[in-house]
Structure formats: structure tokens, C-alpha cells
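First the proteins, then the strands, lettered A, B, ... as listed; each starts at 1.
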There are 2 protein chains.
Amino acid sequence: MSEDAVPDNAREEVVSAVRLALSRHGYANLTTKKVAAASQKSEAFFFYHYDTKDDLVVAFLDWAIERTTDRLDGLGSADPVVRLYAAVGVLLGDPSDEVFRGINVAMMELLSHAPYNDRFRDRLIAFERSVLETLADIIRDGREAGAFRDVDPEATAAFVLMTTDGTAGAVMALGMTDVAAGVRDRLAAYLGSTVLAPDVDPPAAGLSAPG
Amino acid sequence: MSEDAVPDNAREEVVSAVRLALSRHGYANLTTKKVAAASQKSEAFFFYHYDTKDDLVVAFLDWAIERTTDRLDGLGSADPVVRLYAAVGVLLGDPSDEVFRGINVAMMELLSHAPYNDRFRDRLIAFERSVLETLADIIRDGREAGAFRDVDPEATAAFVLMTTDGTAGAVMALGMTDVAAGVRDRLAAYLGSTVLAPDVDPPAAGLSAPG
């Protein structure tokens with residue numbers, strides 16, 4: 001069945017089961033049986049809507065990417081200072097939130113397996129590009145508004161995104177919470193001293209993601 | 001057979017085959033048959049020395065960890081400025097080096113799968129801790145020598161390591177070379193403006209890894 005023909009409620013059921021199964025077993029150990037075990041549905045339900053295990057995983061990946069993209073698109077403030085800190089907060093996430101952790105570790109496993117799977121690769125390149133563009137746009141807006149220094153938008157976006165991407169490993173997959181605290185602290189200091197203009201204060205919310 | 005009883009030449013053969021097979025197929029697709037196909041030996045050779053596929057993968061992981069640890073331990077300069085830049089150069093690596101890329105992407109896949117595999121997790125936590133300690137030691141030495149500012153050694157080490165860890169995804173797994181250039185540029189700028197003391201110049205070699 002083509003992806004577009006899957007009804008929304010079936011797709012939601014599938015995404016939820018894949019998310020849960022990935023957080024329990026990881027991608028390398030995933031089977032359709034384990035996906036079915038993470039839902040109230042039979043394995044036949046999953047095969048009725050999707051042909052292969054990787055079709056199920058791609059449905060999850062599309063959902064997970066859209067989830068982050070929507071959060072970044074909906075930051076809701078016109079102030080580039082507020083938007084920059086909130087965007088970085090979204091990307092860092094809350095490592096004590098089990099759901100967020102599971103999604104992020106799963107995306108990291110799919111990212112590391114992307115060289116061997118064109119569908120993962122195409123989607124993840126487009127995702128990383130769109131996040132980089134969002135960050136670079138915020139930086140350009142902040143420069144124009146005089147709220148930021150004249151930093152290179154693309155290089156600064158790349159630097160910040162690699163730092164938050166990196167936390168999916170040591171912080172989320174390995175649970176090294178002291179690393180999370182150190183990175184958050186140094187990243188806030190970096191934004192304050194290197195990106196914000198000298199007379200501009202960081203937002204009161206710091207690097208918290210918007211609720 | 002216990003790991004210690006494997007003769008060195010057999011272990012080298014195994015590590016080389018696993019490394020090659022991982023770079024061709026990724027961990028999620030790995031089978032003992034694919035490992036054997038990446039060597040001149042039969043599948044029976046691998047099962048004679050190791051009981052399971054994950055025993056083979058753990059032999060590779062131990063080797064890959066030792067390889068990076070040895071490079072960080074052998075930086076060879078007493079000057080903390082030179083050592084800091086060289087250590088970051090080792091961690092960033094050369095993304096155009098296919099062998100380095102393959103090893104790093106494989107380690108990222110094992111790291112993202114670590115929540116589901118105690119042996120991967122134990123080794124990778126110890127590895128990340130040892131790299132953090134190496135970076136923090138260099139920072140402490142640099143502070144004592146007056147060559148660095150009074151930055152927090154642990155938090156700064158965590159920040160730098162998450163940035164270089166992050167490049168295993170977008171840069172190495174997805175091949176986004178413009179991201180690599182931006183990160184390298186911004187990371188060098190960060191070390192220069194935030195870690196080095198105001199009157200200290202970065203080393204001429206910049207962020208190159210020692211040869």
C-alpha cells in the first residue's frame with residue numbers, strides 16, 4: 001500500500017508502536033513482531049498498511065522529523081534573542097523526559113545507519129539542512145536587528161547544531177547527566193559572549209524549550 | 001572461547017573484517033556471514049574464536065576505543081596549547097579519510113544502540129569519561145601554565161566533546177562537508193577566544209591531528 005493511502009488513525013497507531021518498540025529494543029534489534037507487541041494490534045495490521053519493517057521505521061522517522069520541525073517553526077516570538085535560545089532549547093531537549101530521550105536516541109541510530117539506507121539518508125539530510133537554515137535565519141534576523149554580533153550565520157548554526165546533536169550520544173544514550181549540565185552551561189555562555197551583541201541580555205528563560 | 005585466549009593474529013584478522021563489514025553494511029545489517037565475506041577466512045574461523053556476532057563487534061569496539069585513546073595519550077607535546085588543538089584535531093578527524101569515517105560512523109551506531117546492550121554501554125561510558133578526563137587535564141595544565149583563561153575544565157571538555165561527537169552524524173554519516181568546514185572554523189574560533197589566554201596564539205597547525 002502506498003504511504004499516502006494509509007489512513008491517519010492507522011498511521012498514528014503505527015508511529016506510536018514503532019516509537020515504543022524502538023525505545024525498548026533499538027533499531028538494530030527491531031522486528032515487526034516487536035512493533036506489534038508494542039501495540040494492541042496484530043502483526044497483520046502492520047503488514048496490511050506497510051510492506052516492510054523499514055516502511056514502518058520511515059513512517060516513524062517522518063513523524064519524528066515533523067515533530068521537531070513543527071516545534072522549531074512555532075517558536076512564537078518575533079525577538080531573535082528569544083527565538084535563538086528557545087530553538088537551542090528544543091534541540092537540547094530535556095534528557096530526563098523518557099519519551100524525548102527515546103525519540104532522540106532512535107533518530108541517532110537511524111542517522112548512524114543512514115549510509116546504508118537511502119530513505120533514512122535523504123530524509124535526515126533534508127532535516128539537518130532545514131534545522132541549519134532555521135538557526136541561520138534566526139542569526140541573520142538578530143544581526144539585522146543589531147541584537148547579535150556579526151557572526152557567520154551558517155558556520156555558527158553548524159557549530160551549535162553539532163553540539164546539540166552530539167548530546168544524543170553521551171547524554172541521551174549513555175545517560176551521562178553531568179555532561180548534559182556542562183554542555184548546557186557552556187552553550188549558554190557561548191551564545192551570551194559570542195553571538196549576542198555586548199549590550200544584549202539573554203532571555204530570562206535561558207535555554208529552556210518553550211512549553 | 002574467552003576473549004583473552006584469542007591469539008593476537010586471529011584478533012587482528014577479526015577486527016579488520018568487522019571494521020570492513022561494518023563500513024559496508026552498518027551494525028543493524030551485520031551478520032557473521034558478512035564479517036566472513038570481508039576477510040579471507042571462513043565463517044567457521046570466526047565462530048572458533050568468538051561465540052556470537054556481538055562478541056566480534058565488541059572486539060572491534062575495544063580496538064576502536066584503544067586506537068583513539070592511544071592517539072590522545074600520545075600527543076607528544078608538553079605544551080597544553082599544542083595538546084588541546086591536537087586532541088580536538090584527533091576527535092574531529094579527517095572526514096575525507098574513508099577508514100576514519102567508517103570507524104566513526106560504526107562507533108556512533110554502537111553508541112546509539114548502547115541503551116540496549118550493556119557491553120557496548122559499559123565500554124562507551126568508560127571511553128567518553130576517559131576522553132573527557134584527557135581534555136579536562138589539558139585544560140587544567142593550560143590554566144596552571146597561564147596559557148588558558150580560567151574556564152571550567154569539565155564543562156569545557158564536555159562542550160568540546162559533544163561538538164566533535166556530533167560531527168559523526170551530519171558530517172560523517174550524511175557527508176555534509178560544508179557543515180564540517182563551519183564546525184572546524186567555529187571550534188577553532190571558540191578555543192582561540194574563550195579558552196586561550198588573551199596573549200596566547202593558537203598553534204600554527206591549527207586543528208590538524210598529529211600525523
Side-chain angles (χ1 to χ4, degrees), chain A residues 23-30 101-102 104-117 120-121 124-125 128-129 132 151-152 154-176 178-187 189-190 193-194, chain B residues 23-30 101-102 104-117 120-121 124-125 128-129 132 151-152 154-176 178-187 189-190 193-194:
Chain A
S23 75
R24 285 179 188 163
H25 308 286
Y27 172 66
N29 288 340
L30 198 73
R101 246 177 96 162
N104 261 44
V105 173
M107 285 183 80
M108 182 185 171
E109 194 170 358
L110 303 181
L111 176 53
S112 59
H113 198 66
Y116 319 103
N117 187 310
F120 297 174
R121 184 168 60 229
L124 286 162
I125 288 178
E128 295 275 312
R129 286 257 169 261
L132 287 169
V151 293
D152 181 299
E154 282 74 23
T156 305
F159 181 58
V160 168
L161 180 59
M162 288 311 95
T163 307
T164 61
D165 273 4
T167 61
V171 173
M172 310 260 174
L174 301 179
M176 296 167 75
D178 55 322
V179 171
V183 170
R184 194 171 275 272
D185 175 68
R186 290 299 84 203
L187 193 48
Y190 176 76
S193 69
T194 310
Chain B
S23 74
R24 285 178 188 165
H25 308 287
Y27 173 66
N29 287 340
L30 198 74
R101 247 177 96 162
N104 261 45
V105 172
M107 286 182 80
M108 182 185 173
E109 195 170 356
L110 302 180
L111 176 52
S112 59
H113 198 68
Y116 319 103
N117 187 310
F120 297 173
R121 185 168 59 231
L124 285 162
I125 288 177
E128 295 275 313
R129 285 257 170 262
L132 288 169
V151 292
D152 180 298
E154 282 76 23
T156 305
F159 182 58
V160 168
L161 181 59
M162 287 311 96
T163 308
T164 61
D165 274 3
T167 61
V171 173
M172 310 258 174
L174 301 179
M176 296 168 76
D178 54 323
V179 171
V183 171
R184 193 171 276 271
D185 176 67
R186 289 299 84 200
L187 193 48
Y190 177 75
S193 68
T194 309

Is it the side chain or the backbone of A/Arg24 that comes within 4.5 Å of chain B heavy atoms, both, or neither?
backbone
So which residue, B/Val171, B/Val151, B/Val105, ends up with the most heavy-atom pairs under 4.5 Å with chain A?
B/Val105
Specify whether A/Phe159 and B/Phe159 have parallel, tilted or perpendicular ring planes, treating 30° as the upper limit for parallel and 60° as the lower limit for perpendicular.
perpendicular
Which residue out of B/Gly175, B/Ala189, B/Pro115, B/Ala168 racks up the most heavy-atom pairs below 4.5 Å with chain A?
B/Pro115
Find the one option among B/Arg184, B/Met162, B/Met172 whose heavy-atom pairs under 4.5 Å with chain A are most numerous.
B/Met162
Select, from A/Ile125, A/Thr164, A/Leu110, the one with the greatest count of heavy-atom pairs under 4.5 Å involving chain B.
A/Ile125
Chain A contact via B/Leu132 - side chain, backbone, both or neither, heavy atoms under 4.5 Å:
side chain
Considering only heavy atoms and a distance below 4.5 Å, find which of A/Ala106, A/Ser193, A/Ala180, A/Gly182 pairs most often with chain B.
A/Gly182
Given a strict heavy-atom distance threshold of 4.5 Å, which part of B/Asp185 is in contact with chain A: side chain, backbone, both, or neither?
side chain
Pairwise distance CG(A/Asn29) to OH(B/Tyr27) - rounded to 0.5 angstrom:
6.0 Å
Under 4.5 Å heavy-atom distance to chain A, tell me which part of B/Asp178 shows up: side chain, backbone, both or neither.
side chain
What closest approach, in Å, do B/Tyr116 and A/Glu109 show between heavy atoms, and which atom pair accounts for it?
CE1-OE1, 4.3 Å
Top residue by heavy-atom pair count (under 4.5 Å) with chain B, among A/Asn104, A/Asp165, A/Leu174?
A/Leu174
Among the listed options B/Ala157, B/Ala170, B/Ala181, B/Ser23, the residue most often paired with chain A at heavy-atom distances under 4.5 Å:
B/Ser23
Under 4.5 Å, counting heavy-atom pairs only, tell me which of B/Val160, B/Leu187, B/Leu124 racks up the most with chain A.
B/Leu187
Could you tell me which of A/His113, A/Glu128, A/Met108 has the largest number of non-hydrogen atom pairs under 4.5 Å with chain B?
A/His113
If you measure from CE on A/Met176 to CG on B/Leu161, what distance do you get to the nearest 0.5 Å?
8.0 Å
